[in-house]
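Report on the following structure.
First listed ligand is number 1; within each ligand, the first listed atom is number 1.
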Amino acid sequence: MSNVFIVGVTGGIGSRLAPKLIEAGHRVSGLHRRPEQDAALREVGVTPYPGDLMEVTTEDLVEATKGHDAIVFSAGAAGSGADRTTAIDYGTPVKLIEAARINGISRLYLVSAFMDAGRDRPRKEGFEHYMKMKRQADNAVVASGLDWVIVRPATLVTEDGNGRVNLERAIPYGNVARGNVAGVLAALIDRPSVNREILEVTDGETPISRAVEAIRH
Ligand SMILES: NC(=O)c1ccc[n+]([C@@H]2O[C@H](COP(=O)([O-])OP(=O)(O)OC[C@H]3O[C@@H](n4cnc5c(N)ncnc54)[C@H](OP(=O)(O)O)[C@@H]3O)[C@@H](O)[C@H]2O)c1
């Protein structure tokens with residue numbers, strides 16, 4: 001049983017990850033920005049911690065993550081502007097790395113981005129900056145000295161998913177259900193021997209538990 005802190009716990013991935021972890025016997029806490037999210041989180045068994053990622057400091061995150069064994073970052077600015085993208089998609093992982101170090105939390109799971117995303121269509125404004133920030137967050141995590149896994153989902157679709165994925169260090173680009181990404185994160189948290197890996201994920205044919213087991217060391 002681990003104590004897991006999720007940043008992005010109210011999002012498409014995070015809200016599917018929390019119940020999976022609770023069902024597996026873990027304790028889950030998570031950061032949320034709106035007061036009305038507090039009750040809904042408690043209802044599913046998540047201990048809520050209030051905070052807006054545009055304002056939280058490293059010290060706030062040290063306080064929030066105290067006593068946890070693992071941190072998941074699955075938040076995102078979702079195209080809300082360059083400054084927010086910098087602060088949320090890059091700045092927050094950097095603060096979480098520092099908080100993890102201070103609290104002696106060894107494991108960090110980062111939701112990153114698939115490098116082929118959007119290359120076959122005209123780029124929306126801010127997309128290059130977003131990809132740059134995701135890449136810089138990856139760089140910071142890899143250099144952190146912590147134990148970590150970076151998960152790079154292909155294009156997310158709002159579905160629970162069927163529990164079958166393609167998960168490897170390099171795979172062809174495609175779509176992936178948010179529920180399948182959550183399933184992969186839950187399985188990785190249950191298998192800490194998978195460590196210091198960058199894994200790409202799309203929907204696929206392999207049951208999640210087998211796909212995670214197949215990542216050998
Ligand atoms: N879209 C894609 O196709 C794609 C592909 C690959 C990777 N990704 C990555 O996947 C992750 C997100 O996936 P998702 O589907 O779960 O996204 P989502 O549904 O948009 O959820 C984003 C989460 O971040 C939280 N958040 C955003 N701004 C915040 C702030 N200022 N303070 C506190 N919380 C804040 C949201 O809180 P609220 O509930 O309050 O909004 C929510 O919990 C991101 O890291 C993204 O870069 C996306």
Side-chain angles (χ1 to χ4, degrees), residues 5-20 28-41 44 46 48-57 60-61 64-65 71-96 108-121 123-124 126-138 140-141 149-161 165-167 171 173-186 198-203:
F5 190 86
I6 305 175
V7 175
V9 71
T10 57
I13 295 172
S15 65
R16 290 174 170 91
L17 173 60
K20 289 183 200 295
V28 179
S29 316
L31 185 124
H32 69 97
R33 59 175 155 174
R34 285 178 277 130
E36 66 271 22
Q37 293 166 326
D38 181 291
L41 287 170
V44 294
V46 175
Y49 194 95
D52 189 312
L53 293 176
M54 293 306 292
E55 286 154 21
V56 290
T57 61
D60 296 331
L61 292 173
T65 60
I71 297 173
V72 178
F73 175 85
S74 66
S80 57
D83 290 351
R84 297 182 69 82
T85 300
T86 304
I88 295 170
D89 290 276
Y90 169 63
T92 301
V94 168
K95 290 175 192 163
L96 286 171
L108 180 59
Y109 296 85
L110 183 83
V111 176
S112 180
F114 205 105
M115 294 304 151
D116 299 67
R119 292 179 81 176
D120 55 348
R121 32 196 141 95
R123 306 287 165 84
K124 285 194 202 134
F127 187 76
E128 280 306 322
H129 179 69
Y130 163 72
M131 290 304 267
K132 205 166 152 185
M133 292 304 102
K134 298 303 274 187
R135 164 62 82 179
Q136 287 185 14
D138 289 2
V141 167
V149 180
I150 293 171
V151 175
R152 291 184 173 159
T155 293
L156 294 172
V157 288
T158 307
E159 288 169 6
D160 287 337
V165 294
N166 187 9
L167 178 79
I171 56 170
Y173 179 56
N175 286 338
V176 60
R178 285 177 165 87
N180 279 345
V181 179
V184 165
L185 288 164
I198 299 176
L199 299 172
E200 297 181 346
V201 61
T202 64
D203 289 336

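Between E55 and ligand 1 there is no heavy-atom distance shorter than 4.0 Å. Ligand 1 has P153 within reach: a non-hydrogen atom of the residue lies less than 4.0 Å from it. For A117, the closest heavy-atom approach to ligand 1 does not fall below 4.0 Å. Remark: distances from the non-hydrogen atoms of R152 to ligand 1 are all 4.0 Å or more. Between S80 and ligand 1 there is no heavy-atom distance shorter than 4.0 Å. Taking a 4.0 Å cut-off on heavy atoms, G51 registers as neighbouring ligand 1.
Among protein heavy atoms, atom 40 (O) of ligand 1 sits closest to R33 NE, 2.8 Å. Among all protein heavy atoms, the one lying closest to atom 39 (O) of ligand 1 is T10 OG1, 2.6 Å.
Scanning all heavy atoms of the two residues, the minimum distance from T202 to G174 falls at CG2-N, 3.7 Å. Contact detail for Q37 and R33: the closest heavy-atom pair is OE1-N, 3.2 Å. Residues P48 and L41 share a closest heavy-atom pair of CB-CD1, 3.9 Å. The two residues D89 and A75 have their closest heavy-atom pair at OD1-O, 4.0 Å. I171 approaches E200 most closely through the heavy-atom pair N-OE1, 2.9 Å. In terms of heavy atoms, M115 sits closest to D138 at CE-OD2, 4.2 Å.
Between atom 27 (C) of ligand 1 and the options G76, G79, A137, G118, the minimum heavy-atom separation is to G76. Of the listed options G11, A182, A75, A75 places a heavy atom closest to atom 25 (C) of ligand 1.
Each of the atoms 38 (P), 39 (O), 40 (O), 41 (O) of ligand 1 lies under 4.0 Å from some heavy atom of R34. Residue R84 has at least one heavy-atom neighbour below 4.0 Å for each of these atoms of ligand 1: 31 (N).
At a 3.5 angstrom cut-off on N or O pairs, L156 counts as close to ligand 1. Taking any N or O of A154, backbone or side chain, none lies under 3.5 Å from an N or O belonging to ligand 1. Considering backbone and side-chain N/O of I13, one or more are found under 3.5 Å from N/O of ligand 1. At least one N or O atom of G12 sits closer than 3.5 Å to an N or O atom of ligand 1. The shortest N/O to N/O separation between Y130 and ligand 1 falls below 3.5 Å. Of the N or O atoms in L53, one or more lie within a sub-3.5 Å distance of an N or O in ligand 1. In terms of polar-atom proximity, defined here as any N/O pair under 3.5 Å, H32 makes no such contact with ligand 1.
Side-chain contact check for D83 and T86: no donor-acceptor pair (N or O, by modelled atom type) lies under 3.5 Å.
Aromatic ring pairs are classed by plane angle as parallel below 30°, tilted from 30° to 60° and perpendicular above 60°; the pair F114 and Y173 is tilted.
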For this session: Step by step, work out the side chain to side chain contact (heavy atoms under 4.5 Å, CB included) result for L185 and V111.
Result: CA-CA 9 Å; L185 288 164; V111 176; 3.9 Å; yes
Exercise. Yes or no on side chain to side chain contact (heavy atoms under 4.5 Å, CB included) for L61 and L31, after CA distance, side-chain angles and deciding distance?
Worked result: CA-CA 9 Å; L61 292 173; L31 185 124; 4.2 Å; yes
Problem set entry | V176 vs V157, side chain to side chain contact (heavy atoms under 4.5 Å, CB included): CA-CA, chis, key distance, verdict | CA-CA 6 Å; V176 60; V157 288; 6.0 Å; no
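At a heavy-atom cutoff of 4.0 Å, ligand 1 is contacted by no atom of V7, backbone or side chain. Residue contacts with ligand 1, taken as heavy atom pairs separated by less than 4.0 Å, involve D89 solely via side-chain atoms from C-beta onward.
No side-chain heavy atom of K95 sits less than 4.5 Å from a side-chain heavy atom of T57.
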